[in-house]
Amino acid sequence: YFMYLCSGVFCQDLLLLRKANVLKRMLSTKNKDFEIILSLCLSLFLVQAISSSLVLIFLNIFNGYEINISMILLLCANSFVSTGLVILICRIFKNESSAFFATSMYSLFSIILCLDKLAPSLNIPFVDKVSMLSPFYWIFETANGGNTFTSIIALILIGLVFVTCGSFKLRDFAKS
């Protein structure tokens with residue numbers, strides 16, 4: 001949840017880079033647009049994946065929480081979804097505060113959709129089907145003993161939808 005809330009801050013940072021004409025200056029270099037966008041997205045992904053992995057390591061050290069490879073892969077898949085969310089939100093919203101609000105609302109509604117996973121007595125069939133579109137559904141599914149591989153595939157697909165819907169040409173984004 002914290003990772004998705006922090007994606008609002010990353011949206012703000014990306015929009016501030018555009019506002020300060022940093023992206024326009026990047027375009028004046030010999031690097032291709034694709035390389036610049038890929039480096040921004042890769043750095044965002046790495047920051048989220050590494051910082052979240054460090055939290056897991058601290059949980060292991062201080063609470064004795066056991067970490068396995070499937071948890072790390074699930075965390076990386078969530079980092080990919082969060083990166084895709086940043087790209088999508090930056091594509092839709094032009095204002096920093098609107099982007100932060102949108103990511104916060106996405107996180108909140110995604111958690112609310114998954115309440116039936118936290119409290120099985122609230123099982124509503126329609127909400128259960130819609131909640132499958134939330135990345136939190138797949139996290140809770142794994143936590144409740146579900147197949148980790150299926151959850152990782154679902155998260156990667158959600159991330160690909162976000163990246164595809166939010167993909168933009170850097171020149172258009174920098175100029176608008």
Side-chain angles (χ1 to χ4, degrees), residues 1-15 40-42 44-60 63 65-168:
Y1 181 73
F2 185 70
M3 182 188 310
Y4 289 97
L5 284 179
C6 287
S7 64
V9 175
F10 290 121
C11 285
Q12 286 179 325
D13 290 343
L14 190 57
L15 290 171
L40 287 172
C41 292
L42 184 62
L44 172 62
F45 170 77
L46 288 175
V47 164
Q48 289 182 328
I50 291 171
S51 62
S52 298
S53 296
L54 287 175
V55 169
L56 276 180
I57 290 169
F58 286 135
L59 280 173
N60 183 16
N63 291 339
Y65 190 71
E66 194 170 320
I67 300 172
N68 55 30
I69 190 69
S70 63
M71 292 174 72
I72 299 294
L73 292 174
L74 193 64
L75 189 127
C76 288
N78 271 297
S79 297
F80 179 66
V81 174
S82 180
T83 302
L85 180 65
V86 169
I87 294 169
L88 177 64
I89 295 295
C90 285
R91 172 74 177 203
I92 295 172
F93 296 97
K94 306 298 181 198
N95 186 337
E96 298 89 18
S97 58
S98 299
F100 185 78
F101 180 75
T103 55
S104 299
M105 288 298 101
Y106 173 79
S107 302
L108 180 65
F109 287 134
S110 292
I111 284 288
I112 290 172
L113 278 176
C114 294
L115 283 178
D116 66 325
K117 282 292 186 189
L118 297 173
S121 62
L122 296 174
N123 192 8
I124 304 169
F126 173 73
V127 173
D128 190 43
K129 298 297 182 200
V130 173
S131 68
M132 287 183 175
L133 299 173
S134 165
F136 296 110
Y137 174 89
W138 299 103
I139 296 167
F140 294 138
E141 182 72 21
T142 301
N144 291 333
N147 188 350
T148 305
F149 181 72
T150 305
S151 296
I152 290 170
I153 295 298
L155 287 169
I156 289 172
L157 290 174
I158 292 170
L160 285 173
V161 167
F162 284 163
V163 169
T164 303
C165 292
S167 62
F168 54 84

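For reference, positions follow the sequence shown, starting with 1.
When every heavy atom of E66 is checked against every heavy atom of M71, the shortest pair comes out as O-SD, 3.5 Å. The two residues S70 and T148 come nearest to each other via the heavy atoms CB-CG2, 3.4 Å. Between N95 and L15 the shortest heavy-atom distance is O-CD1, 3.6 Å.
Using a 4.5 Å heavy-atom threshold, the side chains of T83 and F162 count as separate. Side-chain contact check for L42 versus L46: some heavy-atom pair is nearer than 4.5 Å.
Taking the six-membered ring where the residue is Trp, F136 and Y1 present tilted rings, their angle falling between 30° and 60°. The aromatic rings of F45 and F80 stand perpendicular to each other, their planes meeting at an angle above 60°, with 30° marking the opposite boundary.
Rounded to the nearest 0.5 angstrom, W138 CH2 and L155 CG are separated by 8.5 Å. Note that OG of S151 is 9.0 Å distant from CD1 of I139, once rounded to the nearest 0.5 Å. Taken to the nearest 0.5 Å, the CE atom of M132 stands 7.5 Å off from the CD atom of E141. Within the model, atoms SG of C76 and CD1 of I50 stand 9.0 Å from one another, a figure rounded to the nearest 0.5 Å.
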Derivation and outcome, ring-ring contact (aromatic ring centres under 6.0 Å, His included), residues F93 and F101: CA-CA 10 Å; F93 296 97; F101 180 75; 8.7 Å; no
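Between the side chain of N60 and the backbone N or O of L56, no donor-acceptor pair lies under 3.5 Å.
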